Asks: 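Take a look at this one; I'll ask things after.
Quick caveat, the model's predicted, so the values are computed rather than measured. Only heavy atoms go into these numbers, but all of them, side chains included; no hydrogens, no water, no symmetry mates.
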Amino acid sequence: YEAVETDGNFTYAPDTEAISNAIAAIVTDAKGRHDAEMARRQANQEAYDAVVAQLDALQNQLDDAIANVEANYADFRDAEAEAAAQKLITDAKAAARTAFEAVATEGNFEYAPDTEAISNAIAALVTDAKARHDAEMARRAANESAYNAVVAGLDELQNQLDAALATLAEDYADYRDPAAEEAAQQLITDAKAAAQTAYEAVAEQGTFEYTADTESIAAAIAKLLTDAEARRIAELDRVQANQALYDGVIAQLDALQEQLDTTLATLAADYADFRDTDAEAAAQQMITDAKAAADAAFEAVAEEGVYSYTPDVEAITEAITSLVPDAEQRRVDYNTNLYDQDIATVDHLQELFDQAMADIKAVRPDFEGDANTSNVQEMIEDARSQCDEELARVEEEGLYEAPAFDAEQVEAAIQAMKDNAISGISDIYVDYNGEEVMIFTMDGTRHNKPVVGQVNIFRYKNGKCVKTFVNK
């Protein structure tokens with residue numbers, strides 16, 4: 001139209017058909033698109049619903065599995081595995097929803113959950129719980145069996161200990177060791193307590209691995225009997241050794257008693273007048289006291305200890321052996337005293353004789369002695385010899401008996417000797433009795449003193465005659 005505004009003819013004709021077709025296409029195309037969209041949406045909805053249905057079924061399976069585990073394996077549920085299985089479903093549902101929403105305006109719903117994995121996870125909840133249950137039951141059974149075996153072993157040791165204690169009570173009542181018995185019992189008690197503690201420690205998990213030291217316990221039980229037997233033997237040895245020592249001491253003291261009795265018999269027989277009853281009683285008391293001490297020492301080790309009493313045998317022996325020598329000494333002293341007295345008398349007679357001789361010489365200076373002086377001197381010397389011989393006789397035994405000389409008669413003889421010598425009478429013999437006597441031999445010869453080896457005739461002043469063989 002603008003092109004022909006100044007010239008030319010308006011010849012334009014529109015393509016109404018094309019326009020009409022285009023207009024018609026608008027409706028048909030819109031409807032086609034609507035129908036296609038509706039079909040897409042329907043297909044997506046159905047596909048989504050199918051996925052949700054699958055997941056709901058899996059959810060039911062999960063719920064059933066959890067209920068099954070709770071009912072049958074409550075102590076062996078795996079909360080994390082259950083949560084993981086639930087999460088698989090939840091995540092799958094969320095993923096399905098997201099995928100469904102993502103194709104709300106376009107596209108096809110193509111999400112496919114891993115139902116196999118979810119189903120396997122659900123099935124594993126039951127199988128794994130059962131496996132844990134079975135494993136736990138097996139563990140518990142094994143632990144209980146092991147624990148019972150330990151307890152049975154300890155019970156057997158307890159029986160052994162009880163039997164040992166019964167044997168000790170019956171056969172070794174005096175040789176028991178209560179501390180060792182208590183220690184052996186404590187070993188068993190402690191072992192049982194330790195086994196119980198170890199068993200309780202694996203109540204929920206773990207393996208019972210406690211092992212009682214049965215060898216040491218058995219050894220401790222056996223040792224109760226062996227030690228008791230050793231103590232019995234040792235005690236028997238101790239008692240026998242003590243008895244032997246005691247018997248030895250008693251034997252010593254019995255021997256000393258026998259020695260004392262023999263000594264007392266000797267004293268009674270040989271030294272009746274010279275006994276020291278106090279010393280004898282003291283010696284007897286020493287033996288009596290020693291025996292009492294030996295008995296006391298023996299009784300003191302009746303239950304324990306070693307007999308160690310030793311009597312003073314040397315002192316007792318000395319006390320016994322001194323009785324006879326002491327009595328002998330008293331006998332000797334007694335004899336010596338009597339001898340000394342007699343010798344003193346003889347010495348006195350000798351002094352009298354010497355003085356008489358001095359008196360004679362004072363009157364008769366040329367007097368050298370005569371038969372009478374010789375006789376009197378012989379009388380004194382004979383008296384001394386008799387004393388010496390008597391003392392020699394009782395040197396080993398016996399009592400000193402005074403010799404037969406009469407000191408008064410000797411004194412009278414000394415006086416007669418003196419008187420006769422001073423008066424000039426010298427042929428008169430004076431005998432032991434101080435009597436004047438004339439001496440003749442059998443041939444009629446007169447002598448002034450006895451003739452040895454012959455028969456002498458003694459004629460006394462009163463006329464009496466006596467024949468005597470003189471041998472010394």
Asks: Quick one: pull up CD1 in Ile221 and CG in Leu161 and give me the separation to the nearest 0.5 Å.
Replies: 5.0 Å

Asks: Do side-chain atoms of Arg331 reach the backbone of Asp270 as a donor and acceptor pair under 3.5 angstrom?
Replies: no

Asks: Partners of Phe274 by ring-ring contact (aromatic ring centres under 6.0 Å, His included), sequence neighbours excluded?
Replies: Tyr334

Asks: How far apart are the closest heavy atoms of Ala195 and Val150, and which atoms are they?
Replies: CB-CG1, 3.9 Å

Asks: Is there a side-chain contact between Asn242 and Val239 in this structure, where contact means two heavy atoms from C-beta onward sitting under 4.5 Å apart?
Replies: no

Asks: Does any donor atom in the side chain of Asn68 or Asn72 lie under 3.5 Å from an acceptor atom in the other side chain?
Replies: yes

Asks: Show the nearest heavy-atom pair for residues Leu225 and Ala164, with the distance to one decimal.
Replies: CD2-O, 3.8 Å

Asks: Counting N and O atoms only, with roles assigned by atom type, does the side chain of Asn120 sit under 3.5 Å from a partner on the main chain of Glu116, one being a donor and the other an acceptor?
Replies: yes

Asks: With a 3.5 Å cut-off and no angle check, do the side chains of Gln86 and Glu82 form a donor-acceptor pair?
Replies: no

Asks: Find out whether Glu328 and Glu397 are in side-chain contact, i.e. whether some heavy atom of one side chain is under 4.5 Å from a heavy atom of the other.
Replies: no

Asks: Which residues satisfy the salt bridge (charged side-chain N to carboxylate O under 4.0 Å, His left out) test with Glu381, sequence neighbours excluded?
Replies: none

Asks: Ignoring hydrogens and geometry, is there a side-chain-to-backbone donor-acceptor pair from Arg77 to Ile66 under 3.5 Å?
Replies: no

Asks: Let's go through Leu165 and Leu168 carefully: what are the C-alpha distance in whole Å and the side-chain angles of both, what is the deciding distance for side chain to side chain contact (heavy atoms under 4.5 Å, CB included) to 0.1 Å, and is it a yes or a no?
Replies: CA-CA 5 Å; Leu165 294 178; Leu168 290 169; 4.2 Å; yes

Asks: Donor-acceptor pair, Asn375 side chain versus Ala371 backbone, under 3.5 Å?
Replies: yes

Asks: Name all pairs fulfilling the ring-ring contact (aromatic ring centres under 6.0 Å, His included) condition that reach into residues 369-388, sequence neighbours left out, sorted by first residue then second.
Replies: none

Asks: Tell me the closest heavy-atom pair linking Phe208 and Asn143, and the distance in Å.
Replies: N-OD1, 2.7 Å

Asks: Should Gln355 and Lys418 be marked as a side chain to side chain contact (heavy atoms under 4.5 Å, CB included) after you check the CA-CA gap, both sets of side-chain angles, and the distance that decides it?
Replies: CA-CA 10 Å; Gln355 184 61 51; Lys418 175 182 174 181; over 6 Å; no

Asks: Checking Lys361 side chain against Phe367 main chain: does a donor-acceptor pair fall under 3.5 Å?
Replies: yes

Asks: Using salt bridge (Lys or Arg N to Asp or Glu O under 4.0 Å), reason through Asp134 and Lys130 one step at a time and then give a plain yes or no.
Replies: CA-CA 6 Å; Asp134 293 345; Lys130 183 178 184 303; 2.8 Å; yes

Asks: Which pair of heavy atoms, one from Glu390 and one from Leu399, lies closest together, and at what distance?
Replies: OE2-O, 3.6 Å

Asks: Does the side chain of Asp78 come within less than 4.5 Å of Arg132's, by heavy atoms?
Replies: yes

Asks: Supply the atom-to-atom distance Ile414 CD1 to Thr373 OG1, rounded to the nearest 0.5 angstrom.
Replies: 11.5 Å

Asks: Does anything in residues 307-325 pair up under side chain to side chain donor-acceptor pair (under 3.5 Å), and if so which pairs, sequence neighbours excluded?
Replies: none

Asks: Under 4.5 Å between any side-chain heavy atoms of Gln409 and Met379, yes or no?
Replies: no

Asks: Between Leu256 and Leu253, is any pair of side-chain heavy atoms under 4.5 Å apart?
Replies: yes

Asks: Check the pair Gln196, Glu200 against side chain to side chain donor-acceptor pair (under 3.5 Å), reporting the backbone distance first and the verdict last.
Replies: CA-CA 6 Å; Gln196 181 67 31; Glu200 292 174 355; 2.8 Å; yes

Asks: With sequence neighbours left out, what residues match Asp354 under salt bridge (charged side-chain N to carboxylate O under 4.0 Å, His left out)?
Replies: none

Asks: Looking at side-chain heavy atoms only, is the closest gap between Leu62 and Leu125 below 4.5 Å?
Replies: yes

Asks: May I ask you to test the Val346-Phe405 pair for a side-chain heavy-atom distance under 4.5 Å?
Replies: yes

Asks: According to the side chain to side chain donor-acceptor pair (under 3.5 Å) rule, which pairs have a member within residues 149-161, sequence neighbours left out?
Replies: Asp155-Lys192, Gln158-Asp162, Gln158-Gln185

Asks: State the CG-CG distance between Asp276 and Leu267, to the nearest 0.5 angstrom.
Replies: 9.5 Å

Asks: Hey, is CD on Glu182 packed in by over 12 heavy atoms from elsewhere, all under 6.0 Å?
Replies: no

Asks: Scan for side chain to side chain donor-acceptor pair (under 3.5 Å) pairs involving residues 205-216, sequence neighbours excluded, and state none if there are none.
Replies: Asp213-Ser216

Asks: Which donor-acceptor pairs under 3.5 Å do the side chains of residues 293-306 make with protein atoms, sequence neighbours left out?
Replies:
residue, atom, partner, partner atom, Å
Asp295, OD1, Tyr246, OH, 2.4

Asks: Which pair of heavy atoms, one from Gly398 and one from Asn335, lies closest together, and at what distance?
Replies: O-ND2, 3.0 Å

Asks: Can you measure from CG (Asp56) to CD1 (Ile89) and round to the nearest 0.5 angstrom?
Replies: 9.0 Å

Asks: Do any side-chain atoms of residues 169-178 form donor-acceptor pairs under 3.5 angstrom with protein atoms, and if so which ones, sequence neighbours left out?
Replies:
residue, atom, partner, partner atom, Å
Tyr172, OH, Glu229, OE1, 2.7
Arg176, NE, Glu181, OE2, 2.9
Arg176, NH2, Glu181, OE1, 2.9
Asp177, OD1, Ala179, N, 3.2
Asp177, OD1, Ala180, N, 3.3

Asks: Could you list the residues that satisfy salt bridge (charged side-chain N to carboxylate O under 4.0 Å, His left out) with Asp91, not counting sequence neighbours?
Replies: Lys87

Asks: Apply ring-ring contact (aromatic ring centres under 6.0 Å, His included) to Tyr73 and list each qualifying residue two or more places apart in sequence or on a separate chain.
Replies: His133

Asks: Hey, what's the ring geometry for Tyr147 with Tyr199, parallel, tilted or perpendicular (30° and 60° as the breaks)?
Replies: parallel

Asks: Look at the side chain of Ser145 and the backbone N and O of Ala142, then say whether any donor-acceptor pair between them is shorter than 3.5 Å.
Replies: no

Asks: Of the non-hydrogen atoms in Ala184 and Leu224, which two are nearest, and what is the gap between them?
Replies: CB-CD1, 4.2 Å

Asks: Within a strict 4.5 Å, meaning less than it, do heavy atoms of the Tyr400 and Gln341 side chains meet?
Replies: no

Asks: Would you check if the side chain of Gln386 reaches a backbone N or O of Pro403 as a donor-acceptor pair within less than 3.5 Å?
Replies: no

Asks: Please report the C-alpha distance between Phe458 and Thr468 in whole Å, then the side-chain angles of each, then the deciding distance to 0.1 Å, and finally whether the side chain to side chain contact (heavy atoms under 4.5 Å, CB included) criterion is met.
Replies: CA-CA 8 Å; Phe458 296 91; Thr468 302; 3.8 Å; yes

Asks: Going through the checks in order, is the side chain to side chain contact (heavy atoms under 4.5 Å, CB included) test met by Asp370 and Asn420?
Replies: CA-CA 10 Å; Asp370 57 17; Asn420 289 337; over 6 Å; no

Asks: Who pairs with Arg238 by salt bridge (charged side-chain N to carboxylate O under 4.0 Å, His left out), at least two apart in sequence or on another chain?
Replies: Glu235

